[in-house]
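Taking it in order: structure first as structure tokens, then the write-up.
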Amino acid sequence: MITEDDLTEDTAGATPPAATVGGLSPDEFYAELTTRNRGVVSAAEQDALRTSTILVAGCGSIGGAAVEPLVRLGARNFLLADPGEYEVNNLNRQSATAADTDRNKALVASERILGINPHARTAVFTQGVGEDTIEQLTADCQVIVDGIDVTTMSGWRAKHLLHRTAVARKLPLVTGWDIAGAQYVRCYDYRTVRKPFDGAISQSDIEELTSWQLLLKAIPLRYVPVEMLTEVKDNLGRPDYSFPQVTYVALTFGAITSHMVVKLLAGEQVRPEVYIDVHQEIRSNWGQLATRLRWVGELASLAPKLLKLSRGAQA
């Protein structure tokens with residue numbers, strides 16, 4: 001749990017809880033806030049949510065999508081890390097308004113949390129995840145939501161540092177990938193998994209490979225939907241390429257991850273992979289079949305470029 005000692009000068013925007021809201025004490029407010037969880041969230045899970053500290057590293061597309069459902073479920077203690085500021089092109093999917101543009105994402109996430117539960121505790125790290133902050137970020141948390149952006153190599157380095165530290169501290173970590181109309185959620189339960197990314201990406205990979213090559217290692221091809229295959233075919237390898245991302249896919253991450261976090265905090269195990277292709281799920285039976293056939297065709301045309309990229313990674 002975040003205590004008064006955690007609210008240091010190095011923690012920008014750290015916010016202590018309010019005293020009373022609407023005449024309700026903190027305990028009364030919490031009981032009323034979570035009363036409709038009963039029957040779905042067990043008493044033990046609710047207690048774990050209330051007392052645990054959650055690190056959200058990267059508060060943009062997917063990390064930000066997890067914040068609101070977690071606080072509404074009853075999470076009260078958050079460490080929020082993100083060095084980035086909102087841009088207008090973020091507003092199609094991220095938890096921000098036009099008034100939030102040019103403002104730090106972690107700071108905005110803190111305001112969202114306290115707007116829902118004024119008794120919550122938030123510690124905001126506008127420096128993001130780095131060598132100077134990693135110890136403070138992970139020393140007292142019980143679970144990590146990894147939403148660090150991987151469009152830059154600095155993001156990949158921060159992400160790998162976070163995973164290495166989670167391994168050392170035996171912390172469960174949930175991350176995800178918006179892939180056009182699909183969401184791929186990956187839980188690395190470092191209470192039992194003993195290598196970062198379960199051995200798929202090494203520290204030397206981070207130093208030697210490109211972002212595209214790292215993505216090829218991180219995301220199984222079977223989870224790349226047809227829309228993304230079509231996009232990638234013409235843009236593979238471009239360092240300035242921006243992947244398409246839409247709001248309902250980001251929100252899917254928030255829905256899945258918030259439930260995962262509840263289970264992990266309660267000491268349970270969860271599936272390491274959850275994949276939902278929103279587009280495919282709502283297509284007709286014939287539409288699903290046609291899309292599968294189209295997927296095979298798109299992959300076949302993309303295969304030579306992927307093979308070349310993969311060989312570059314191996315070399």
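- Note that CD1 of I206 is 10.5 Å distant from CG of L161, once rounded to the nearest 0.5 Å.
- Under the side-chain hydrogen bond (donor to acceptor under 3.5 Å, both in side chains) criterion, the residue pairs touching residues 79-90 are E87-N89, with sequence neighbours excluded.
- Judged purely by distance below 3.5 Å, without hydrogens or angles, the side chains of D178 and Q183 pair a donor atom with an acceptor atom.
- Although no hydrogens or angles enter the test, the distance criterion places a donor-acceptor pair under 3.5 Å between the side chain of Q142 and the main chain of T53.
- Every residue meeting the ring-ring contact (aromatic ring centres under 6.0 Å, His included) condition with F29, not counting sequence neighbours, appears here in chain and number order: H119.
- The side chain to side chain donor-acceptor pair (under 3.5 Å) check on E273 picks up Y184, Y223, with sequence neighbours excluded.
- Annotation: side-chain hydrogen bond (donor to acceptor under 3.5 Å, both in side chains) contacts involving residues 250-264, sequence neighbours excluded, comprise E45-K263.
- Closest heavy-atom contact between L236 and L306: CD2-N, 4.1 Å.
- Between atom CD1 of residue I134 and atom OG1 of residue T165 there is a gap of 4.0 Å, rounded to the nearest 0.5 Å.
- S204 pairs by the side chain to side chain contact (heavy atoms under 4.5 Å, CB included) definition with S202, E208, not counting sequence neighbours.
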The test is side chain to side chain contact (heavy atoms under 4.5 Å, CB included); show your working for V167 and V193 and say whether it passes.
CA-CA 7 Å; V167 169; V193 176; 6.0 Å; no
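- M260 has its side chain within reach of V274: a pair of non-hydrogen atoms, C-beta onward, lies under 4.5 Å apart.
- Residues S211 and M153 have side chains in contact (heavy-atom distance under 4.5 Å, counting atoms from C-beta outward).
- Atom CD1 in I62 sits 8.5 Å away from atom CD in Q245 (nearest 0.5 Å).
- Environment of NZ in K305: crowded, with over 12 heavy atoms of neighbouring residues, nucleotides or ligands closer than 6.0 Å.
- With hydrophobic clusters built from ILVMFWY side chains whose heavy atoms lie under 4.5 angstrom apart, L302 does not share a cluster with L293.
- When the side chains of ILVMFWY residues are joined at heavy-atom separations under 4.5 Å, either directly or via intervening members, L289 and L299 end up in two distinct hydrophobic clusters.
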For side chain to side chain contact (heavy atoms under 4.5 Å, CB included), just list the numbers for L264 and C187, CA-CA rounded to whole Å, side-chain angles, deciding distance to a tenth of an Å, and then say yes or no.
CA-CA 10 Å; L264 291 168; C187 176; 4.0 Å; yes
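- Looking at D205 and L214, their side chains come closer than 4.5 Å, going by heavy atoms from C-beta outward.
- Atom OG1 in T34 sits 12.0 Å away from atom CZ in R36 (nearest 0.5 Å).
- Nearest heavy-atom pair, Q280 versus G287, reported as atom, atom and distance to 0.1 Å: OE1-O, 4.5 Å.
- By the salt bridge (charged side-chain N to carboxylate O under 4.0 Å, His left out) test, D27 pairs with R50, sequence neighbours left out.
- Two different hydrophobic clusters hold L114 and V108 under the rule that ILVMFWY side chains link at heavy-atom gaps under 4.5 Å.
- For the pair R76 and F78, the cation-pi criterion (under 6.0 Å, within 45° of the ring axis) is not fulfilled.
- When every heavy atom of L171 is checked against every heavy atom of T138, the shortest pair comes out as CD1-O, 3.9 Å.
- Remark: E231 pairs with no residue by the salt bridge (charged side-chain N to carboxylate O under 4.0 Å, His left out) rule, at least two apart or across chains.
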Given side chain to side chain contact (heavy atoms under 4.5 Å, CB included), test L215 with F243 step by step and report yes or no.
CA-CA 12 Å; L215 284 170; F243 292 91; 3.7 Å; yes
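- The minimum heavy-atom distance linking L137 with L79 is given by the pair O-CD1, 3.1 Å.
- Taking the six-membered ring where tryptophan is involved, the planes of F197 and Y188 are perpendicular, since the angle between them exceeds 60° and thus also 30°.
- In the hydrophobic clustering of this structure, Y275 does not group with L251; members are Ile, Leu, Val, Met, Phe, Trp, Tyr whose side-chain heavy atoms approach within less than 4.5 Å, directly or through other members.
- Under the 4.5 Å side-chain criterion, counting only non-hydrogen atoms from C-beta, V261 is in contact with I54.
- Atom NE2 of residue H163 and atom CD of residue Q203 lie 13.0 Å apart, to the nearest 0.5 angstrom.
- Here salt bridge (Lys or Arg N to Asp or Glu O under 4.0 Å) pairs that include residues 274-296, with residues two or more places apart or in two chains, are E227-R283.
- In D132, the CG atom is not crowded: 12 or fewer heavy atoms of neighbouring residues, nucleotides or ligands sit closer than 6.0 Å.
- When all heavy atoms of A180 and P225 are compared, the pair lying nearest together is CB-CG, 4.1 Å.
- In this structure, Y241 and W212 have parallel ring planes: the angle between them is below the 30° cut-off, well short of the 60° mark.
- E111 meets the salt bridge (charged side-chain N to carboxylate O under 4.0 Å, His left out) test with R103; sequence neighbours excluded.
- Although no hydrogens or angles enter the test, the distance criterion places a donor-acceptor pair under 3.5 Å between the side chain of T230 and the main chain of V226.
- No donor-acceptor pair under 3.5 Å is formed between the side chain of W295 and the backbone N or O of A290.
- D189 and Q269 form no side-chain donor-acceptor contact under 3.5 Å, judged by distance and modelled atom types alone.
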Could you walk me through whether L162 and L55 pass the side chain to side chain contact (heavy atoms under 4.5 Å, CB included) check?
CA-CA 11 Å; L162 180 65; L55 166 59; 4.0 Å; yes
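- Every pair passing salt bridge (Lys or Arg N to Asp or Glu O under 4.0 Å) that includes a residue from residues 149-159 is listed here, sequence neighbours excluded: D146-K159.
- Residues V56 and I116 are members of one and the same hydrophobic cluster, defined by side-chain heavy-atom contacts under 4.5 angstrom among Ile, Leu, Val, Met, Phe, Trp and Tyr.
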Check step by step if salt bridge (Lys or Arg N to Asp or Glu O under 4.0 Å) holds for D100 and R112.
CA-CA 11 Å; D100 295 320; R112 294 281 189 275; 2.7 Å; yes
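- From Q94, atom CD reaches atom OG of S61 across 5.0 Å, with rounding to the nearest 0.5 Å.
- The list of salt bridge (Lys or Arg N to Asp or Glu O under 4.0 Å) pairs with a residue in residues 232-255, not counting sequence neighbours, reads K233-E298, R238-D240.
- Between P244 and M228 the shortest side-chain heavy-atom distance falls below 4.5 Å.
- Residues L33 and N117 have side chains in contact (heavy-atom distance under 4.5 Å, counting atoms from C-beta outward).
- Here salt bridge (Lys or Arg N to Asp or Glu O under 4.0 Å) pairs that include residues 163-172, with residues two or more places apart or in two chains, are E135-R169.
- Annotation: side chain of W177 is not in contact with side chain of V249 (no heavy-atom distance under 4.5 Å).
- Taking both residues in full, the closest heavy atoms of I201 and A218 are given as CD1-CB, 3.9 Å, listed atom of the first, atom of the second, then distance.
- A distance-only check finds no donor-acceptor pair linking the side chain of S52 to the backbone of L49 [under 3.5 Å].
- For the pair T133 (side chain) and G128 (backbone), a donor-acceptor distance under 3.5 Å is present.
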